[in-house]
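Everything below concerns the one structure shown next.
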Amino acid sequence: MNLKKIYRRFTDRHWTIGFLENSLDSILSGESLRVNWLKHNYNDRWFADPFILDVGNNFIYLLVEEYYMPISRAYISKLTINKSTYELVKTEPVLKLQTHLSYPAIIRRDGNVYIYPESGKSGKLMLYKYDVDKNIIVEERLLIDGDVGDATYTDAFGEDLLFCTFPPKYNEDELHICRKGEDGLFHSSEIIRFDESIARMAGDFFQINGTIYRPAQDCNKSYGNGTVIQEVSQDNGKWEFKEVRRYYSPNKIYPLGIHTLNSYKGLTVVDAVGYWHPIIGKALVGFRELFR
C-alpha cells in the first residue's frame, strides 16, 4: 500500500446522526446544542442526511443516506431506532441505484408519502411514492431533468417551489428557485446570490409562529462545515434571507461538519462528520498542513 492510499485510509471521513434535546425555539435563540448520538456497531458503513419518517411510542423511523464502504456508494435506507436509548435496531434498504443516492427528502400529501432523493450522478431528480408498510418504492415522475444538489420542496410561499443548487456551484453562493413549467418539470426561474458559500440546502423549511426558516449549509471552509438558519420572507416578489443562527458540530469525535437539520412530530435530527480514525486522521492532516 503506497503512502497516498495510507493517507486516504486514515483520513477518510464518516458521518453519524444525532437527536437534539433542544427545541427549535431554543436553537434559534442561540442555545448550545445538546445531542443524543445514534449508537450502532457497524464498521463498514455510515449514516447521514436524516429525514424523520415517523416517531412512535417506542421507536424513531428515519430515512437516511447509508454509505456502504465495500461498494463506495450510498443508497437510501429506513432506520428503526430505539426511542429511549437511541440504539439502532434495524436498517432496511429502501432505494438502491447504480448511482450514489443521498438526501432522502420527504413530501406528505393526501395520506401518501413521497421521496425525492438526490441522485446527481444520474443527471435527474425523480419523485418516488413510498409504501411505508410494505417498504416498497415506486417511481412516480421526473421533477428536474438535470443534476441538482439537495433539492428541497416547499409550498409555504403559496406555490410549489424547489430550492436547490446547480453544478459547478453545488456548494457555493447561488441558490436556485425552481418553478413548474408547462412541461410539468421544475426549472430554475430565479437565482439568489449570497456573499458567501451558504446556498446549499440543509433540510426542510420549517415554521415557528408563522415565520418560515431555511436550514442552509455553511460551506465556506469545507462542504457541510456548519449549519446556517435563515428567516425567509417574500414581499411583492422580492425574497429576503435573514440569518438567525449559525452553529457547528459540538461533538469532539465528529468535529468536521454538521450539515442537516430536520424536525417532525416534536423531534429534531442532525448529523455530524469526523475522521474514521479520529486521532491518526487529525494528526496526519495537521502534519500535511505544515508542509503546504
Side-chain angles (χ1 to χ4, degrees), residues 17-36 49-57 60-63 83 103-116 150-165 175-180 186 189-190 192-196 198-218 224 226-250 258-272:
I17 288 166
F19 301 92
L20 297 189
E21 295 180 3
N22 315 73
S23 67
L24 287 175
D25 271 329
S26 67
I27 294 170
L28 295 178
S29 67
E31 190 173 273
S32 298
L33 300 189
R34 302 188 308 276
V35 189
N36 294 302
D49 287 356
F51 284 77
I52 301 171
L53 184 62
D54 202 0
V55 181
N57 292 328
I60 301 164
Y61 304 95
L62 301 180
L63 291 182
K83 192 176 178 182
Y103 202 78
I106 298 171
I107 298 175
R108 296 173 176 86
R109 183 164 289 177
D110 300 325
N112 296 312
V113 174
Y114 301 87
I115 69 170
Y116 53 107
D150 292 347
T152 305
Y153 168 84
T154 183
D155 60 3
F157 301 98
E159 58 179 323
D160 293 330
L161 299 173
L162 280 170
F163 288 69
C164 59
T165 55
L175 175 65
H176 291 252
I177 301 175
C178 301
R179 291 179 169 87
K180 191 180 293 186
F186 284 82
S189 63
E190 292 181 71
I192 306 298
R193 291 183 173 86
F194 299 100
D195 294 331
E196 52 182 326
I198 56 170
R200 190 163 182 152
M201 295 295 300
D204 278 328
F205 289 83
F206 62 91
Q207 293 191 44
I208 298 178
N209 298 324
T211 301
I212 302 169
Y213 296 93
R214 178 182 92 100
Q217 294 188 41
D218 176 354
T227 301
V228 179
I229 300 178
Q230 299 171 325
E231 180 181 320
V232 185
S233 58
Q234 188 186 40
D235 185 20
N236 293 321
K238 184 178 180 181
W239 293 94
E240 183 177 358
F241 295 79
K242 178 184 176 182
E243 182 171 330
V244 178
R245 175 77 195 274
R246 188 176 300 216
Y247 59 83
Y248 300 94
S249 175
I258 185 165
H259 81 343
T260 307
L261 172 78
N262 280 300
S263 186
Y264 184 61
K265 289 191 173 181
L267 183 69
T268 301
V269 65
V270 297
D271 58 7

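- Taken to the nearest 0.5 Å, the CG atom of Leu63 stands 6.0 Å off from the CD1 atom of Ile115.
- When atom types are taken as modelled, the side chain of Thr152 and the backbone of Asp150 share a donor-acceptor pair closer than 3.5 angstrom.
- The heavy-atom pair separating Cys164 from Ala151 by the smallest distance is CB-CA, 3.6 Å.
- Contact of the Phe163 side chain with the Ile192 side chain is not registered, since no non-hydrogen atoms from C-beta on lie closer than 4.5 Å.
- Contact annotation: the side chain of Thr260 never approaches that of Val269 to less than 4.5 Å [non-hydrogen atoms, C-beta and beyond].
- Side chain of Thr165 to main chain of Met201: no donor-acceptor pair is present (N/O by atom type, distance under 3.5 Å, no hydrogens or angles).
- Residues Asp160 and Arg179 fail the side-chain proximity criterion, which asks for heavy atoms closer than 4.5 Å.
- Side-chain atoms of Thr227 come within 3.5 Å of backbone atoms of Ile258 as a donor-acceptor pair (strictly under, hydrogens ignored).
- In this structure, OG on Ser189 lies 6.5 Å from CD1 on Ile177, to the nearest 0.5 angstrom.
- The side-chain heavy atoms of Phe157 and Phe205, taken from C-beta on, include a pair separated by under 4.5 Å.
- Annotation: salt bridge (charged side-chain N to carboxylate O under 4.0 Å, His left out) contacts involving residues 201-218, sequence neighbours excluded, comprise Asp218-Arg246.
- At least one donor-acceptor pair under 3.5 Å links the side chain of Lys83 to the backbone N or O of Gly56.
- Side chains of Ser32 and Tyr247 form no contact here, defined as non-hydrogen atoms less than 4.5 Å apart.
- Between the Asp271 side chain and the His259 main chain, a donor and an acceptor come within less than 3.5 Å of each other.
- Between Leu267 atom CG and Asp54 atom CG the span is 10.5 Å, to the nearest 0.5 Å.
- Within the 3.5 Å criterion, the main-chain N or O of Pro50 finds a donor-acceptor partner in the side chain of Asn262.
- At a threshold of 4.5 Å between non-hydrogen side-chain atoms, the residues Ile52 and Phe19 do not count as touching.
- Atom CG of Leu53 sits about 12.0 Å away from atom CD1 of Ile60, to the nearest 0.5 Å.
- A donor-acceptor contact shorter than 3.5 Å is absent between the side chain of Asn22 and the backbone of Ile27.
- Atom OH in Tyr153 sits 6.0 Å away from atom CD1 in Ile107 (nearest 0.5 Å).
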Give every donor-acceptor pair under 3.5 Å between a side-chain atom in residues 234-242 and any protein atom, sequence neighbours left out.
| from | atom 1 | to | atom 2 | distance (Å) |
| --- | --- | --- | --- | --- |
| Trp239 | NE1 | Glu190 | OE1 | 3.3 |
| Trp239 | NE1 | Glu190 | OE2 | 3.2 |

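- With hydrogens and angles disregarded, no donor-acceptor distance shorter than 3.5 Å links the side chain of Arg200 to the backbone of Gly224.
- To the nearest 0.5 Å, atom CZ of residue Arg109 and atom CG of residue Asp155 are 6.0 Å apart.
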Determine whether Val228 and Glu196 satisfy the following criterion, side chain to side chain contact (heavy atoms under 4.5 Å, CB included), listing intermediate values before the conclusion.
CA-CA 11 Å; Val228 179; Glu196 52 182 326; over 6 Å; no
For the pair Glu243 and Phe194, evaluate side chain to side chain contact (heavy atoms under 4.5 Å, CB included) and give the outcome as yes or no after the intermediate values.
CA-CA 11 Å; Glu243 182 171 330; Phe194 299 100; over 6 Å; no
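- Close placement of the Tyr103 and Phe51 rings is indicated, their centers lying within 6.0 Å of each other.
- Put simply, the side chain of Tyr213 never gets that close to the backbone of Leu28: no donor and acceptor are under 3.5 Å apart.
- No hydrogens or angles considered: a donor-acceptor pair under 3.5 Å links the side chains of Tyr264 and Arg108.
- Applying side-chain contact (heavy atoms from CB on, under 4.5 Å) to Leu33 and the options Ser26, Ser249, Pro250 leaves one that passes, Pro250.
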